[in-house]
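Report on the following structure.
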Amino acid sequence: MELIDGKKVANQIKQEITAEVEQIKKEGGKIPHLAAIIVGHDGASETYVGHKEKACNQVGFNSTVLRFEDDIAEDTLLRKVDELNKDTEIDGFIVQLPLPDHISEQKIIEAIDPKKDVDGFHPINLGRMVIGLPAYISATPAGIIELIKRYNIETSGRDVVVIGRSNIVGKPISILLGQKSDTGNATVTLTHSRTKNLKEVASKADIIIAALGQAEFLTADMVKEGATVIDVGITRVKSDKTKSGWKLLGDVKFDEVAEKAAYITPVPGGVGPMTIVSLLQNTLKASKGEIYPRL
Ligand code: NAD
């Protein structure tokens, strides 16, 4: 079994980005600038935004965090999004989800200028990705593809089972892996909560992407010998063994699946760190006008 070390790959990519930013600075170019909107005080959201801010600082990007109380009106938030759309200093921005119930997430996502939508959640970016046009690919699927690339995992002609059909992970990764590309050309089965005989389906797969959000759901009896297992799930559970009182579990029962898998990602330290560097990569692309011409 080989561990797919997302933390290590993410650090390598951060070094590559840092070198590029240093070069941009030397040439007097524009330093990439990522902004994040966070609404309310959700612990997980605060952690994610904190990680993103730290990662920006590490690679030399500028970063701005706009914080709002959870009683902010939808209209006001839409205006803030519009301000960021128009702010020529900001190359890309994200709105950290979830948002409070009185705000339509879809409305907010669709208000983001697709050219600045470095999370890749806007229907225009998703649509462009589906038909193979240049697009911001949402950070988690992009991170998974990068791991597959850097570990030279063959996807062409292989059977992939994706578990979970969310718009931000399951659906896009299933499309990317089926796409005609160096990290695609797989035969993909997208499974979900209504799938019958998931064990039978999963146990035939060469590659399993588990993205359903149920701790330790995927057990060894659902995995073929020699499969590649990518664990996207993050569930926080109480633990008396850690200082924080919490620990993170993936969707895969790691110890037993690791014995059968050829490649496996750990949680934490697998897909998570890749998600953050993909956001940095998208921001760099935005500042260079690689996907859409620079604004
Ligand atoms: P989600 O929570 O929106 O949806 C879960 C999906 O899993 C649904 O499509 C549902 O049909 C499917 N599902 C639920 N139970 C199932 C079952 N028993 N069998 C088969 N399918 C089932 O999905 P999400 O937002 O993609 O999140 C999934 C997990 O990934 C969560 O733990 C989340 O925290 C994690 N996540 C991690 C990262 C990262 O950077 N590592 C990024 C995004 C999400």
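Note that the structure is predicted; figures quoted are calculated from it, not measured. Both counts, for ligands and for their atoms, begin at 1 and track the order of listing.
Contact atoms of ligand 1 toward Phe217: 18 (N), 19 (N) (distance under 4.0 Å to a heavy atom of the residue). Each of the atoms 20 (C), 21 (N) of ligand 1 lies under 4.0 Å from some heavy atom of Ile163. Which parts of ligand 1 touch Val169 is read off a 4.0 Å heavy-atom cut-off, strictly below it: atoms 26 (O), 43 (C). Those atoms of ligand 1 with a heavy atom of Gly164 less than 4.0 angstrom away are 6 (C), 7 (O), 9 (O), 12 (C). Set against the non-hydrogen atoms of Thr275, the atoms of ligand 1 under 4.0 Å away are 39 (C), 40 (O).
With hydrogens and angles disregarded, no donor-acceptor distance shorter than 3.5 Å links the side chain of Thr195 to the backbone of Leu198. Judged purely by atom type and a 3.5 angstrom limit, His33 has no side-chain atom pairing as donor or acceptor with the backbone of Phe93.
Of the options His51, Arg236, Arg165, the smallest heavy-atom separation from atom 8 (C) of ligand 1 is shown by Arg165. Closest to atom 29 (C) of ligand 1 by heavy atom, among Pro172, Gly213, Gly272, is Gly213. Selection from Ala202, Gly143, Ser193 by nearest heavy atom to atom 10 (C) of ligand 1 gives Ser193.
A heavy-atom separation below 4.0 Å is not found between Thr191 and ligand 1.
Taking atom 37 (C) of ligand 1 as the reference point, the nearest protein heavy-atom neighbour is Val232 O, 3.0 Å. Here the protein heavy atom with the shortest distance to atom 21 (N) of ligand 1 is His192 C, 3.1 Å.
Ala220 and Lys260 get closest at one heavy-atom pair: O-NZ, 2.9 Å.
Placement of Ile234 and Val271 in two distinct hydrophobic clusters is found when ILVMFWY residues are connected by side-chain heavy-atom separations under 4.5 Å, directly or transitively.
Of the residues Gln96, Arg67, His51, the one that meets the side-chain hydrogen bond (donor to acceptor under 3.5 Å, both in side chains) test with Glu46 is Arg67.
Residues satisfying the side-chain contact (heavy atoms from CB on, under 4.5 Å) test with Asn282, not counting sequence neighbours, are Val118, Tyr136, Lys285.
Geometrically, ligand 1 and Tyr48 share no nitrogen or oxygen pair separated by less than 3.5 Å.
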